[in-house]
Chemist: 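If you scroll down you'll find the structure; I have some questions about it.
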2 protein chains.
Amino acid sequence: MARDDAPERTTHADKVYTLLFGQLMNGTFDPGAALNIPTLSREFEVSQTPIREALARLEHTGLVHREALRGYFVAPLFSEVELDKLMEARLVLEPALALEAGRRVTPEFLAKLLVPIDDLLRLSESQVVRSFREYWSADEEFHTLIAKQSANPFLEGAYRSLGGQVQRFRLFVKLGSADARFAAAEHRKIYDAFVARAPEAAADLMRHHIESARLRALSDRKTILANE
Amino acid sequence: MARDDAPERTTHADKVYTLLFGQLMNGTFDPGAALNIPTLSREFEVSQTPIREALARLEHTGLVHREALRGYFVAPLFSEVELDKLMEARLVLEPALALEAGRRVTPEFLAKLLVPIDDLLRLSESQVVRSFREYWSADEEFHTLIAKQSANPFLEGAYRSLGGQVQRFRLFVKLGSADARFAAAEHRKIYDAFVARAPEAAADLMRHHIESARLRALSDRKTILANE
DNA sequence: CATTTGGATACTGTATCCAATTTGAGGCGG
DNA sequence: CCGCCTCAAATTGGATACAGTATCCAAATG
């Protein structure tokens, strides 16, 4: 007997949270759009209570913001200044994460890290430009794996609290395939520093990678604005 | 005119959030204690819905944690390892905050910063040891003001996400009045660097301050454990 | 006879739904 | 242009379903 009778091991609030999180990361909603609770309630076919709880939990990801007595909204687009501030914050956190991760390199870590690096390279080499989502998914995976390997829950949490914002930025800046090639090469260099068990070098390369990404983002942004 | 006619400018959920946050920061609850919703509902004389929302929002402060299908709990005490990781994270963030704040020094900032410095010094010089809360309140004010002055919402947010944890640590480590004197002196040096418009020096002094605080915390902790 | 063990029962608390109230925003007429 | 009205949405209160836990009672065992 004892059938697999654990189909409902999670709560509705958790499921709504996960679904909404995915949709927000994928850019399903327009920036600034209202997330009104009755509508979502019908959409997900649950009552308003779990929706409300999921939204409250999503607020700290930065993907959603709340105005008292007015409701929840998708986070608005970045301004140039915000983008700069975000990169400044990443510039503080990510080299520190890379440094700690570099002190704890394991073969499993290296193996897992290789996957998003190869993905990014392969995508950037293919002639057909698929969805930007695939690029960014590989990029996110790379940075998230390093954050995890840092073995510091507080630093990782601080980075995670930036994670949603980083994603906002990713949706905002359309990555070109030339950019992806640069990024793939920089990822690879960081990887090599990990292999060489050189944490300080990894941290420096990460710093350089973020600075480059910042410059690419700024120039891309200008291009986009010029085209519109 | 425009009287202060904002008596009910906030929702119940906001008020509950603020109250609970204050109580958690003050150590009103025991670490690990269950925060059950019906009880809090009676206590605050509101229904369960705003309680639930406030708890969901409190989760990201680190003062409260949630276990699926089991409810919300006050964050447990620190282990030695966690304390170390926390200080490592502060060591990454706070010098960066001090650096940015140092680039944006204003007379108002300096004036506001002087208050918690003087408070801490006065408290540490008085013979009568009052509640530790007053020490930590001054300490928190000092660090929070600098975080705000950094003018980077993302870095500030990352620090704030550590803030609750820092407070957990503060409640855990009982500050001696000798420690308070050291801290006051270090705060003062950082202040002087701000006055001298030397951001890099401020960042270095902040790094040193956190490292010292870490050492003091570790030795204090050992003393406490030895006494019990 | 004392102790232990099995199982039913009461109770507590989470998760959820739904209904009632309050608030904010936009349209309409003065 | 300004105030009133209407409607949609947020907010809140309370009721219900459900699960897990603790408690109690009695039968079985040494």
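Given the structure is predicted, the values throughout are model-derived calculations rather than measurements. To find a chain, count down the sequence lines: A is the first, B the second, and so on, and within it residues start at 1.
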Chemist: Within the pair B/H12 and C/dT22, is there a side-chain N or O less than 4.0 Å away from OP1 or OP2?
Modeler: no
Chemist: Between A/H187 and A/H209, how do the two ring planes meet: parallel, tilted or perpendicular, split at 30° and 60°?
Modeler: perpendicular
Chemist: Could you state the CZ-C1' distance from A/F73 to D/dA10, rounded to the nearest angstrom?
Modeler: 11 Å
Chemist: Listing request: all salt bridge (charged side-chain N to carboxylate O under 4.0 Å, His left out) pairs with a residue in residues 38-51 of chain B, at least two apart in sequence or in separate chains.
Modeler: none
Chemist: In a table with atom names and distances, give each donor-acceptor pair under 3.5 Å that connects a side chain of residues 27-38 of chain A to protein atoms at least two apart or in another chain.
Modeler:
residue : atom : partner : partner atom : Å
A/T28   : OG1  : A/Q23   : O            : 3.2
A/N36   : OD1  : A/T39   : N            : 3.1
A/N36   : OD1  : A/T39   : OG1          : 2.4
A/N36   : ND2  : A/T39   : OG1          : 3.3

Chemist: A/K15 NZ to C/dA15 P: how many Å, rounded?
Modeler: 13 Å
Chemist: Between A/A13 and A/R70, who's closer to the 5' end of DNA chain C by nearest nucleotide?
Modeler: A/A13
Chemist: Return the value, rounded to whole Å, for the distance between atom CG of A/N36 and atom C1' of D/dC7.
Modeler: 14 Å
Chemist: Go through the structure and list residues passing salt bridge (charged side-chain N to carboxylate O under 4.0 Å, His left out) with A/E108, not counting sequence neighbours.
Modeler: none
Chemist: From CG of B/L69 over to P of D/dG20, roughly how many Å is that when rounded to an integer?
Modeler: 8 Å
Chemist: Show the atom names and distances, to 0.1 Å, of all donor-acceptor pairs under 3.5 Å that link a side chain in residues 85-101 of chain B to residues at least two apart or in another chain.
Modeler:
residue : atom : partner : partner atom : Å
B/K85   : NZ   : A/A151  : O            : 2.9
B/E88   : OE2  : A/N152  : ND2          : 3.0
B/R90   : NE   : B/E94   : OE2          : 2.7
B/R90   : NH2  : B/E94   : OE2          : 2.9
B/E94   : OE1  : B/H143  : ND1          : 2.7
B/E100  : OE1  : B/R104  : NH1          : 2.9
B/E100  : OE2  : B/R103  : NH1          : 2.8

Chemist: With sequence neighbours left out, write down each residue that passes side chain to side chain contact (heavy atoms under 4.5 Å, CB included) with A/A56, or none if nothing qualifies.
Modeler: A/Y72, B/E53, B/A56, B/R57
Chemist: Among residues 37-59 of chain B, which ones have heavy-atom contacts with DNA chain D below 4.0 Å?
Modeler: B/V46, B/S47, B/T49, B/P50
